[in-house]
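First comes the structure, then the notes that go with it.
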Protein chains: 2
Amino acid sequence: MISEKTIERLSLYRRILQQLRVEGKETIMSHELADLLHIKPAQVRRDIMQLGYSGIPNSGYRIRPLLESIANFLDSPLPQSAVLVGVGHLGLALLANFAGRWRQLAIRAAFDKDPAKVGHTFHGCRCYSMLDLQKVIVETKSIVGILAIPGEGAQSVSDLLVQSGISGILNFSPLRIKVPNSVFVEHVDLSTTFEKVSFFARRMKHYVEEEKWKIEHETDEGEYETLTTNQ
Amino acid sequence: MISEKTIERLSLYRRILQQLRVEGKETIMSHELADLLHIKPAQVRRDIMQLGYSGIPNSGYRIRPLLESIANFLDSPLPQSAVLVGVGHLGLALLANFAGRWRQLAIRAAFDKDPAKVGHTFHGCRCYSMLDLQKVIVETKSIVGILAIPGEGAQSVSDLLVQSGISGILNFSPLRIKVPNSVFVEHVDLSTTFEKVSFFARRMKHYVEEEKWKIEHETDEGEYETLTTNQ
DNA sequence: GTATAATTGTGAATTTATGAACAAATTATA
DNA sequence: TATAATTTGTTCATAAATTCACAATTATAC
Ligand SMILES: NC(=O)c1ccc[n+]([C@@H]2O[C@H](COP(=O)([O-])OP(=O)(O)OC[C@H]3O[C@@H](n4cnc5c(N)ncnc54)[C@H](O)[C@@H]3O)[C@@H](O)[C@H]2O)c1
Ligand SMILES: NC(=O)c1ccc[n+]([C@@H]2O[C@H](COP(=O)([O-])OP(=O)(O)OC[C@H]3O[C@@H](n4cnc5c(N)ncnc54)[C@H](O)[C@@H]3O)[C@@H](O)[C@H]2O)c1
């Protein structure tokens with residue numbers, strides 16, 4: 001019923017609104033939010049509509065109650081825990097940002113198969129042995145697992161997480177893991193993202209050079225198609 | 001004309017096919033690739049069609065030439081360079097993975113405003129002063145910039161990158177930067193992604209518990225709507 | 001107060017992405 | 001060599017996401 005895209009935008013709105021509130025702003029209009037995010041005002045209004053929150057015509061949305069509506073919608077009534085598997089380069093960066101930083105949602109435990117890491121604490125988060133996975137997940141009541149290990153181990157660790165009661169996985173490994181359809185998976189594939197940016201960067205450059213050429217040579221506007229981008 | 005989604009999938013196909021080739025596989029059929037990625041075969045055929053490459057009915061695609069077609073389409077004829085701004089927790093992880101690892105596309109230089117980092121080399125990549133940004137970008141002919149700094153500095157650094165000739169930006173900061181429409185931007189917003197996974201994890205759990213309840217109480221199948229997911 | 005200007009909420013239109021289905025092509029097989 | 005079995009390329013259909021556009025509503029100016 002509610003789409004992933006909408007959830008992502010609601011999370012964004014919240015972050016922006018929290019900032020604006022500390023700056024003393026009390027109300028906001030759909031086109032202001034839209035401009036900050038480079039989207040259309042109708043999109044903002046539609047998303048907020050789905051919350052059940054109503055704005056005031058000719059005046060906009062009151063930030064305080066809108067934030068409450070978003071929190072009400074996005075957040076769990078209880079603080080929510082996540083666990084991280086793989087305390088390597090990426091895992092460490094994630095711990096630096098998400099280990100107990102927010103009360104509402106945070107990484108509460110980490111795991112690694114490397115004995116050198118087990119028992120140590122990284123950015124305030126303890127690293128456990130893989131043998132303790134199920135026990136710790138149950139104890140911390142975690143429902144989200146973050147995979148920051150190489151593709152090789154990803155499927156088997158994913159299976160373990162699911163067995164232990166995890167129902168959402170954030171997967172940074174390049175492998176597309178298979179899970180029961182009662183589990184939500186998000187693949188963050190930084191390599192393909194990097195390649196994509198590189199691809200479009202090149203196209204943009206070509207397009208711009210083509211435009212320059214056309215201007216220099218004062219040709220009439222030919223039927224060049226513009227690039228499709230997400231801006 | 002070609003969509004971002006298609007580019008992402010082509011990059012995925014390539015990675016899988018490279019692996020399969022070293023395992024000795026010579027041909028592949030659309031449904032095999034589709035199964036590995038949890039998508040539909042028609043999607044695979046459509047994507048490959050856009051490359052201009054043709055498969056063989058009743059036999060599939062020959063992996064070697066297909067890989068060549070993909071490389072031809074996705075890659076620059078010359079090796080392509082990227083620069084990273086912000087050698088913090090995340091920046092370091094990115095350097096560990098992308099600093100000169102591939103010949104075709106790699107991070108060739110890093111920048112940080114912290115004097116303690118300037119002049120040092122991280123994972124084989126030299127960190128320069130922000131003052132050298134333009135010079136190094138021009139020298140390395142980089143067209144991609146990666147932002148791994150806090151939101152505060154993101155807009156001004158982005159402007160600098162664009163001034164220096166960058167035409168693609170991979171932005172890890174929470175700020176939605178503004179760029180001319182001749183520049184491609186990809187926002188990787190790990191906080192919102194994390195919140196999204198948490199949100200759907202919770203819904204999944206509820207949904208599953210609801211199903212269990214229904215089974216235990218042997219009610220007739222009510223009109224419960226299923227969740228929309230991306231699996 | 002009344003008029004004016006502005007902004008919301010939302011149905012309808014549009015665009016974009018995905019999926020189903022089938023003729024055409026090709027291989028394998030009898 | 002002919003037939004059967006498959007898989008591709010692609011058209012047409014469906015679904016999802018976005019955008020338009022405008023009536024309804026409210027604030028503000030006069
Ligand atoms: N670092 C990046 O910027 C980056 C970029 C693109 C993709 N990735 C992907 O993210 C994942 C992690 O990357 P990284 O750079 O942190 O790798 P890394 O090698 O630095 O760290 C991997 C960690 O996972 C642990 N590990 C390995 N297999 C395990 C298993 N089966 N169970 C438990 N722990 C295990 C290792 O001991 C190590 O600590 C990899 O799949 C990588 O391809 C990372
Ligand atoms: N680490 C994560 O897992 C994670 C998760 C979500 C979001 N992010 C975002 O990614 C970005 C980087 O995160 P991090 O954890 O690496 O932060 P960090 O604080 O560890 O590193 C930031 C680095 O950028 C440098 N820097 C800051 N301002 C700069 C400027 N104007 N010019 C040049 N260099 C500058 C700092 O000196 C530091 O080295 C942040 O915007 C953060 O919100 C990171």
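As a basis for the values below, the full set of heavy atoms in this structure was taken, side chains included, without hydrogen atoms, waters or symmetry mates. A note on names: the letters A, B, ... follow the listed sequences, proteins ahead of strands, and every chain is numbered from 1.
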How long is the line joining CD1 of A:I39 and C1' of D:dC20, in whole Å? 16 Å
Give the rounded distance in Å between these two atoms: CD of A:Q50 and P of D:dA16. 14 Å
Using a strict 4.0 Å threshold on nitrogen-to-oxygen distance, state whether A:D189 and B:R15 make a salt bridge. yes
Indicate yes or no: does A:R14 engage A:E68 in a salt bridge with an N to O separation below 4.0 Å. no
To the nearest angstrom, the NZ-C1' distance between B:K40 and D:dG9 comes to 19 Å
Please verify the inter-ring angle class for A:F199 with B:F73; under 30° counts as parallel, over 60° as perpendicular, anything in between as tilted. parallel
Quick one: salt bridge (Lys or Arg N to Asp or Glu O under 4.0 Å) partners of B:K5, sequence neighbours excluded? none
If you count the non-hydrogen atoms of other residues, nucleotides and ligands that lie under 6.0 Å from NZ in A:K141, is the total more than 12? no
Could you give the CD-to-P distance, from A:E4 to C:dT18, as a whole number of Å? 12 Å
Between protein and nucleotides 2-12 of chain C, map the contacts as a letter string: B base, S sugar-phosphate only, - none, heavy atoms under 4.0 Å, written 5' to 3'. ---BBBBBBBB
Partner nucleotide of D:dA24 by Watson-Crick or wobble geometry (both distances under 3.5 Å): C:dT7
Please give, in whole Å, the distance from D:dT19 P to A:H38 NE2? 14 Å
Provide, to the nearest angstrom, the distance between the CD1 atom belonging to B:I7 and the C1' atom belonging to C:dT16. 16 Å
Nearest whole angstrom, please: distance from the P of C:dG19 to the CG of B:D47. 11 Å
Can you label the angle between the B:F200 ring and the A:F184 ring as parallel, tilted or perpendicular, going by 30° and 60°? parallel
Atom CD of B:E26 and atom P of C:dT27 are separated, to the nearest Å, by 15 Å
